[in-house]
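Given the structure is predicted, the values throughout are model-derived calculations rather than measurements. Note on naming: letters A, B, ... go to the chains in the order of the sequence lines (proteins, then strands), and numbering restarts at 1 for each one.
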Protein chains: 2
Amino acid sequence: MPTISVENYLKAVFHLQGEAEERVKTKALAEHLDISLPSVTGMLKSLADEGLVDYLPYRGALLTEAGRRMALRVIRNHRLIEVFLMKTLDYSWDEVHAEAERLEHAVSDTLVARIEQALGFPKFDPHGDPIPSADGEISRRDVMPLSVATAGMRVRVERVLDQTPEVLRYLDRIGLRPGGLVYVREVLSFDGQMFLTLNDEDVSVSESLAAKMLVTEVEPP
Amino acid sequence: MPTISVENYLKAVFHLQGEAEERVKTKALAEHLDISLPSVTGMLKSLADEGLVDYLPYRGALLTEAGRRMALRVIRNHRLIEVFLMKTLDYSWDEVHAEAERLEHAVSDTLVARIEQALGFPKFDPHGDPIPSADGEISRRDVMPLSVATAGMRVRVERVLDQTPEVLRYLDRIGLRPGGLVYVREVLSFDGQMFLTLNDEDVSVSESLAAKMLVTEVEPP
DNA sequence: CATAAAGATTAGTCTTGCCTAAATCTTTTA
DNA sequence: TAAAAGATTTAGGCAAGACTAATCTTTATG
């Protein structure tokens, strides 16, 4: 029964409302945070009272400007901590997420600013996720999911949307990390499932996994 | 009304019970934590129920072995974080305390172990406080407070027991930091107050400040 | 378009950690 | 050695944040 911080609620709303900024439903939050529906309703009311969320009963919630700022601050902390742990303590990209998840709430703004400076103001973290600047700006890139690639394409991995350590270790082993170059050998269906065969033909990924790999097309060498 | 963590209660008990391991009174804890007396009573009961503290009503509390382990873990985290911030991010010794105070509860054991290794297993932090090992061992040193030094003595500062940034900046300016060598020019009383004159005669410290400087005598050059 | 299913809120509890006021215990002092 | 002073605990409350059960609203479906 550990209590969930305001920051984590806001982070969840941010991620769930997505680029389209659709109202986040109570149910979605409850599942994401593994908490009961009434608890979410109650907290959304509090957050609305504090001006962090725009909440309409039965409709769901959106971040206000203040809420968005607070969410972005935590996300920025998280991503800079990830880069920092990899650079200074040789963490691997599958280990950093869990640690950053705990530290993101404890670091001060000035510590994060120093980390950012020491790292040379990186724009992306080890998973390719953009790092918001101190004043809330986020770099945009034109990417597509690997799952829409067609046979014969050559792409570069820009971003990986999964944080599961086992999955990340697998992806790293087959070269599917930010910066990795991939040749899409064939796209095939089997038993209702779609697969992509990559590079050596013994490397393949399911459609659902490919949907989490954001890539850009590159010219052949 | 931010709530005080169990770890901070245990840390407070550890510091207040001191080397002599005297029972810590409710009042001492209440003042140290800036909290009401009944709140402390209640929390000591909970901690006793959890086996972290040996509590006798009206008598005060002592850490149990489990409580001591938990307190030492947090203190170890704190001190290693301090060294780490100075070494990798150019923090000064007056800045690290506040930051470490927040991070000490959030770091994982494996992160701290990596930090310790990266730093080469330091035995003392920037203030000269000993860093407990992962299994709870603490280095001891034979030191005396500067306040008992006599005129003509040459001493080396080993440890500074104050964490106030302003005080630390002053001490650093006059060379009173761990490793610093000091010649005690004269010890004089004025208006009931005792002073020590050090090195150049325009540097002096009050007895109460000198009591917080732990030193060892050294041979003259 | 009516109604059932799914989703959300309200009502009512529980626990935790804090508080103040009152009662009680311990220590100090006269 | 007893009264006063000081420290501590007990009693009783409050707010936050979680839960379950019951009720209401929205969405989906026949």
Lys/Arg-Asp/Glu bridge criterion (N-O < 4.0 Å) met for A:Lys11, A:Glu7 | no

Rounded to the nearest Å, what distance is computed from the CG atom of residue B:Leu29 to the P atom of nucleotide C:dG17?
-> 15 Å

Interatomic distance, B:Leu37 CG vs C:dT20 C1' [rounded to whole Å] = 12 Å

How long is the line joining NZ of B:Lys25 and C1' of D:dG6, in whole Å?
-> 10 Å

Say whether B:Asn77 and B:His105, considering side chains only, have a donor N or O and an acceptor N or O under 3.5 Å apart.
-> no

Any side-chain N or O of B:Ser36 under 4.0 Å from OP1/OP2 of C:dC19?
-> yes

Residues A:Glu19 and A:Arg140 bridged, charged N to O under 4.0 Å | yes

Give the rounded distance in Å between these two atoms: CE of B:Met43 and P of D:dT8.
-> 17 Å

Does any residue of residues 54-63 of chain B have a heavy atom under 4.0 Å from DNA chain D, and if so, which ones, in number order?
-> B:Tyr55, B:Pro57, B:Tyr58

Donor-acceptor side-chain pairing of A:His78 and A:His97 below 3.5 angstrom | yes

For B:Phe190, does the CZ atom sit with more than 12 other heavy atoms under 6.0 Å from it, leaving out its own atoms?
-> no

Donor on one side chain, acceptor on other, B:Glu207 and B:Ser147, under 3.5 Å = no

A:Thr26 near the nucleic acid: base, sugar-phosphate alone, or nothing, with a heavy-atom cut-off under 4.0 Å?
-> sugar-phosphate

Tell me what A:Ser39 touches on the nucleic acid: a base, only sugar-phosphate, or nothing, going by heavy atoms under 4.0 Å.
-> base

Rounded to the Å, how far apart are A:Asp49 CG and D:dA15 P?
-> 14 Å

Side chains of A:Gln193 and A:Ser206: do they bring a donor and an acceptor to under 3.5 Å?
-> no

C:dC18 P sits how many Å from B:Lys45 NZ, rounded?
-> 15 Å

For B:Lys27 and C:dT26, what is the distance between atoms NZ and P respectively, to the nearest whole Å?
-> 18 Å

Atom-pair distance (CD1 on A:Ile35; P on D:dG17), nearest Å | 10 Å

Sugar-phosphate only, base, or nothing, as touched by A:Thr41 at under 4.0 Å among non-hydrogen atoms | base

